Amino acid sequence: MTAAPSAQEQISFILKLQRLFSEGEFSATYKFALLLSLAELAVECGDDSGAALSLPMAKVGEKFAELYWRQVPPYSSGLADTVGETLHQNKGSVVALMRPLRQLHALSHGQWSQVRALSVWPACLRAICQTVRDMPLKHLQMLGGQLDPFLYTYPCPPDRVVLNAGVAFNLRRYQELVQQLAKAGWLEHVRSNKLNRVILGMRDDLETFMFGSARADLSEVAQVLGPLQQQCCFYCQQPIKGKAQVDHFIPWSRYPRDTAHNFVLAHAVCNRSKRDMLAAKPHLERWLAHLSRHGDEQGVLLAQLGFVSDQGCSLSVAEWAYQSGVQAQALAWREKSNTEAVEADCLALF
């Protein structure tokens, strides 16, 4: 029976990641995207048993494409002596991934949630998967010129990537660290590319353009959530007078994705007070009850606005977040300045 990695094995994994970023060869941004894809899929599809995790190549390719989706349109700094162009992701010609993504982007009018319904989606996904197989899967684990298959065995089966025993556990446990390292490396790679100098200028909003922001304009989301919540704050349950704020129930800092079922409407003061903390058990119970009653409707309405709607995935992410909170002995927000330990019995709610 497979066991969860020991403390020493977890440290060894982190040291391997450190080596990957310091010794790995990054001629393009594909490796950063692949590492982020595997980390997010470990949260969405894995568990904490320590077992190996088999990921269908189609899931890896789709997650890979989603990470690049925001970067398909031209980036424009608006500054003098710069031009609006698609960012260069390598040192030479446009990366192969951009060809199918540009086609999908044009046909869907930039709406990721509409992509799967396109007739060209299967062919484009096959092309994306082939790019992932040919490039980053082959080269990601090259450390100092040597193959070190600590994440997955390579060569991979043609239809899947199998994460080694303990890898999904570590990617789930250290998700925030992986996100920070990979995104920082990706940003630096784009910034340091000489081909991007005439595009970027000196503006510092590149991270928001590439990966999104927790402070994106969600006014249309608020209009959908208001009637579903009877125009009351999700947290304090009091009527909202004036402008409400849309909060990520599972904080953006823990899982940076705008997904339809993770949004709740709140008073500005409650939203600011909660910050990047998990919500205490009573709020979690209310959120799960809200999804049971209104999840289907909320998913359909927000999908029409372009947000990804997958309630099962949102629940898996939430369960992972609370598991991580229990393991890290994190504090959960109840109200105002009141916090409490994330309770282990929160996990029984899922």
Side-chain angles (χ1 to χ4, degrees), residues 43 70 175-177 179-180 183-184 187 203-291 294-295 298-299 301-302 305-308 314-315 317-343 346 349:
V43 169
R70 291 182 57 88
Q175 171 76 198
E176 293 178 55
L177 175 63
Q179 289 270 348
Q180 290 168 3
K183 288 184 177 179
L187 280 164
R203 273 186 64 174
D204 61 359
D205 63 347
L206 182 60
E207 182 172 6
T208 297
F209 174 80
M210 290 175 63
F211 302 119
S213 168
R215 286 172 285 279
D217 182 10
L218 299 175
S219 55
E220 290 183 300
V221 176
Q223 295 175 20
V224 170
L225 295 180
L228 297 180
Q229 294 181 202
Q230 292 76 51
Q231 304 299 335
C232 290
C233 173
F234 179 82
Y235 297 111
C236 70
Q237 297 293 286
Q238 296 302 309
I240 296 175
K241 298 178 181 179
K243 188 175 181 180
Q245 291 188 355
V246 176
D247 181 47
H248 295 81
F249 183 76
I250 300 301
W252 173 273
S253 62
R254 292 178 179 266
Y255 198 75
R257 284 285 176 270
D258 283 332
T259 53
H261 297 92
N262 194 40
F263 293 130
V264 296
L265 202 63
H267 284 128
V269 66
C270 289
N271 193 14
R272 287 195 300 270
S273 179
K274 177 176 175 279
R275 304 188 306 280
D276 290 334
M277 302 178 72
L278 291 172
K281 184 181 177 182
H283 301 307
L284 174 60
E285 291 174 326
R286 192 180 306 115
W287 181 67
L288 293 171
H290 172 81
L291 292 187
H294 303 296
Q298 182 167 322
L301 292 173
L302 292 182
L305 297 179
F307 293 98
V308 173
S314 294
L315 290 171
V317 169
E319 183 176 13
W320 159 80
Y322 278 88
Q323 284 177 336
S324 298
V326 171
Q327 293 160 350
Q329 299 180 318
L331 293 176
W333 177 83
R334 181 179 278 270
E335 61 178 352
K336 298 180 180 178
S337 60
N338 296 331
T339 60
E340 59 190 45
V342 179
E343 301 177 33
C346 285
L349 298 175

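Along the sequence shown, residues carry numbers from 1. Just so it is clear, the structure is predicted and the values come from calculations on it, not from any experiment.
Rounding to the nearest 0.5 Å places SG of Cys232 at 6.5 Å from CD of Gln237. Rounded to the nearest 0.5 Å, atoms SG (Cys346) and CD (Glu285) are 7.5 Å apart. Separating the CG atom in Leu278 from the OG1 atom in Thr339 is a distance of 12.0 Å, to the nearest 0.5 Å. Here Leu305 contributes atom CG and Asp258 contributes atom CG; the two are 12.0 Å apart, rounded to the nearest 0.5 Å. The distance from the CZ atom of Arg272 to the CD atom of Gln245 is 6.5 Å, given to the nearest 0.5 Å. To the nearest 0.5 Å, the span separating CH2 on Trp320 from CD1 on Ile250 amounts to 8.5 Å.
Contact between Phe263 and His248 at its shortest, heavy atoms only, is CE2-NE2, 3.7 Å. In terms of heavy atoms, Phe209 sits closest to Arg70 at O-NE, 3.2 Å. Of all non-hydrogen atoms in Thr208 and Ser213, the two that sit nearest each other are CG2-CB, 3.7 Å. The heavy-atom pair separating Arg334 from Pro282 by the smallest distance is NH1-CG, 3.4 Å. Residues Pro251 and Met277 approach most closely at CG-O, 3.2 Å, considering heavy atoms. Scanning both residues, Gly299 and His261, for their nearest heavy atoms gives CA-NE2, 3.6 Å.
Contact annotation: the side chain of Arg257 never approaches that of Val308 to less than 4.5 Å [non-hydrogen atoms, C-beta and beyond]. Contact of the Phe234 side chain with the Leu225 side chain is not registered, since no non-hydrogen atoms from C-beta on lie closer than 4.5 Å. Leu218 places a side-chain heavy atom less than 4.5 Å from the side chain of Phe307. Annotation: side chain of Val246 is not in contact with side chain of Val264 (no heavy-atom distance under 4.5 Å). Between Gln229 and His290, the closest side-chain pair of non-hydrogen atoms falls below 4.5 Å. Here the side chains of Leu315 and Leu291 are in contact, with some heavy-atom distance below 4.5 Å.
With sequence neighbours excluded, no residue satisfies side chain to side chain donor-acceptor pair (under 3.5 Å) with Ser337. Residues passing the salt bridge (charged side-chain N to carboxylate O under 4.0 Å, His left out) test with Glu176, sequence neighbours excluded: Arg254.
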Quick one: do Tyr235 and His267 satisfy ring-ring contact (aromatic ring centres under 6.0 Å, His included)? Show the steps, please.
CA-CA 8 Å; Tyr235 297 111; His267 284 128; 10.0 Å; no

Are Gln175 and Gln179 close enough, and set up right, to give a side-chain hydrogen bond (donor to acceptor under 3.5 Å, both in side chains), and what steps lead you there?
CA-CA 6 Å; Gln175 171 76 198; Gln179 289 270 348; 3.0 Å; yes

Would you please test Arg275 and Trp333 for side chain to side chain contact (heavy atoms under 4.5 Å, CB included) and show each step?
CA-CA 9 Å; Arg275 304 188 306 280; Trp333 177 83; 5.7 Å; no

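For Glu220, the CD atom sits in a loose shell: 12 or fewer heavy atoms of surrounding residues, nucleotides or ligands are nearer than 6.0 Å.
Taking the six-membered ring where the residue is Trp, Phe249 and Trp287 present parallel rings, their angle staying beneath 30° rather than reaching 60°.
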